[in-house]
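This report refers to the structure that appears directly beneath it.
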2 protein chains.
Amino acid sequence: MAEDIAGRGDPVKSLQLMWGRMEAPRRGPKAKASVAELVAAAVSIADAEGLDAVSTRRVADAVGISPMSFYTHIPGKAELLDLMLDAVTGAGLTEIPEFEPEHWRRNLAFIAHEHRAFYMRHPWVLHLATHRPVLGPNTMMAAEIALRALEGLGLTDLEMDHAFTLITSYVHGAVRDAAREKMVKELTGMTDNEWWHRVAPFLETVDFSPYPVLSRVGAVAGETYGAHDPIGAFAFGLERVLDGLAVFIESKAAQKG
Amino acid sequence: MAEDIAGRGDPVKSLQLMWGRMEAPRRGPKAKASVAELVAAAVSIADAEGLDAVSTRRVADAVGISPMSFYTHIPGKAELLDLMLDAVTGAGLTEIPEFEPEHWRRNLAFIAHEHRAFYMRHPWVLHLATHRPVLGPNTMMAAEIALRALEGLGLTDLEMDHAFTLITSYVHGAVRDAAREKMVKELTGMTDNEWWHRVAPFLETVDFSPYPVLSRVGAVAGETYGAHDPIGAFAFGLERVLDGLAVFIESKAAQKG
DNA sequence: TTTAACTCTTTACATCGTACGGAGTTATGC
DNA sequence: GCATAACTCCGTACGATGTAAAGAGTTAAA
């Protein structure tokens, strides 16, 4: 399995494990390790060393069982990734905030920043290309919370869904850059700055005349030489997204009366 | 190498290959295969069967050389992925359009749809987690084109960069869903609909009362049972993003005079 | 003609996910 | 009490992957 993919295991098996719906075994020896332990170990490996480091052998070793015993508890790696995603989503959930619709803009900004912080804490989640939605209790609760921040704004259910998709899409896309920098530094020990200086001598030999706008904007934006400002870019984009939603919400309000 | 990562190889080697800057060999036998052939073969494998199917052995075989001869031409898989990304970006570029600032909204929508179409044609690109920017000629040209659509709107260079990040972030995030469905169907032969019906019996046993908004919105949005409408969601989000940019552009114009 | 540069290839190794079969452990049914 | 079924755990093994190492063959420069 070369690709790291969640949502690909036996759908029902994954769900049963995520919801703790396996009937308790009635015979046989007590298990040395639990599913929760395995998943927690996998998550902390991923947090510390990235998805690359998460192998079934390594996870089994971390909880003190032999490589193949992993499969006693979890059907395969695909299911492990499903479980990791739901578990780590759960760890980021606090109590459910009460959203007041009149502060919708602040609420949505809060949601967006929480999502961003989540990805920054667990950048490997960005590498988890989900093939199917992971319908775990925590993943669903995260969606529930985001949707609640969109309630009472005069949107139809379908529009709420689309607005939700808009915000999560933007955050996911925007956060790649910042999370990337963090991960790469940890994994390779090379900072963006060092990387740019490695590359610079070559870049000076290329003809930038076909790219006048890019070279002007790229230089100013500090994209070159690692002086890029991902937080500023994120904030800028988020304000635009919220402005766009404001236009829509106000036009719907005006239209209705 | 478990993760599929571009931008991780020797930075300068990748760049030299992308820009065709390897000095021509002056001795030795004629090469049976070229870098371009290898990259093209890798791309068509990825297009047909996904990133999973792209292995150095497979690519070498596709161009008729032995597994290890691959490394005569390309230093490693990381560099191959860099080259694939730039090559496939180049294949999507037509001639450079002339953008008129007064039609900026139409222009940006065009850019967004082009990006979306690109990802839909080559969904594996979404799984390519880039560790560093891939500074190939085609990748840079794609950025140049997008930035030109943002010229003449009264934005500073930094704002242009941020607006560019906003649009590409949104498109990247939003397209994951649609591309996912396409890929999964091809790779697993299971449609979303079948998947949902596999899962449905289990879902009926879970208590949705903690997720009132999600279950209401999810049902209406047709997320359940695969009746989801990704194109509609994309269009909705894009309109909001453009509205948000419009607010910003107009306020800057008003401010200036 | 020697030699250096270059291409191609064979063999080999570590690591991965996991199929298979069996040994040890516990509660149930007789 | 005992056989048995339901378990947990583990050792071995297979095929695939990326690629290191070392050598054989080919071409042009010295």
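Each chain gets a letter, A, B and so on, in the order its sequence line appears, and its residues count up from 1.
The distance from atom CD of Glu49(A) to atom P of dC16(C) is 11 Å, rounded to the nearest whole Å. Taking atom CG on Asp61(A) and atom P on dG17(C), their separation rounds to 13 Å, with Å as the unit. Residue Ile65(A) contributes atom CD1, which lies 15 Å from atom C1' of dC7(D) at whole-angstrom precision. Following rounding to the nearest Å, Leu51(A) (CG) and dG17(C) (P) show an atom-to-atom distance of 11 Å. Between Tyr71(B) atom OH and dA22(D) atom C1' there is a gap of 16 Å when expressed in whole angstrom units. Taking atom NZ of Lys77(B) as the reference point, atom C1' of dT17(D) lies 8 Å away to the nearest angstrom. Nucleotide dA28(D) holds its C1' atom 16 Å from the CD atom of Glu23(B), rounded to whole Å. When the C1' atom of dG17(C) is taken as reference, atom CZ of Phe70(A) falls 10 Å away, rounded to whole Å.
In plain terms, the two heavy atoms of Thr89(A) and Ala142(A) that are nearest each other are CG2-CB, 3.9 Å.
Between Glu49(B) and Arg58(B), at least one side-chain N (NZ, or NE/NH1/NH2) sits under 4.0 Å from a carboxylate O, which counts as a salt bridge.
No cation-pi contact links Arg57(A) to Phe70(A), judged by a cut-off of 6.0 Å to the six-membered ring centre and 45° from its axis.
Inspection of the Arg21(B) and Thr205(A) side chains reveals an N or O donor paired with an N or O acceptor under 3.5 Å.
Thr72(A) comes within 4.0 angstrom of a base, heavy atoms only. The residue Val54(A) sits close only to the backbone: its heavy atoms come under 4.0 Å of sugar-phosphate atoms, none of a base. Across all strands, Ser55(B) comes closer than 4.0 Å only to sugar-phosphate atoms, never to a base (heavy-atom distances).
Summary of the strand contacts: Ala31(A) and Pro67(B) both lie near DNA chain D, and taking for each the nucleotide with the nearest heavy atom, the more 5' one is attributed to Ala31(A).
The side chain of Ser66(A) places an N or O atom within less than 4.0 Å of a non-bridging phosphate oxygen (OP1 or OP2) of dC10(D).
Applying the ring-ring contact (aromatic ring centres under 6.0 Å, His included) test to Tyr119(B) and every residue at least two apart in sequence or in another chain returns His172(B).
The side chain of Lys32(B) lies closest to dC8(C), out of dG18(D), dG17(C), dC8(C).
Taking only distance into account, the side chain of Arg57(A) meets the base of dT18(C) through a donor-acceptor pair shorter than 3.5 Å.
The only option from Asp86(B), Asp82(B), Val88(B), Leu81(B) that meets the side chain to side chain contact (heavy atoms under 4.5 Å, CB included) definition with Met84(B) turns out to be Leu81(B).
Between the two ends of the helix from dT1(C)-dA30(D) to dC30(C)-dG1(D), each summarised by a five-pair axis, the helix axis turns through 20° (rounded to 10 degrees).
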Please list, for nucleotides 20-25 of chain C, all pairs of protein and nucleotide N/O atoms separated by less than 3.5 Å.
none

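Lys13(B) has its side chain out of reach of Ile74(B): every pair of non-hydrogen atoms, C-beta onward, lies at least 4.5 Å apart.
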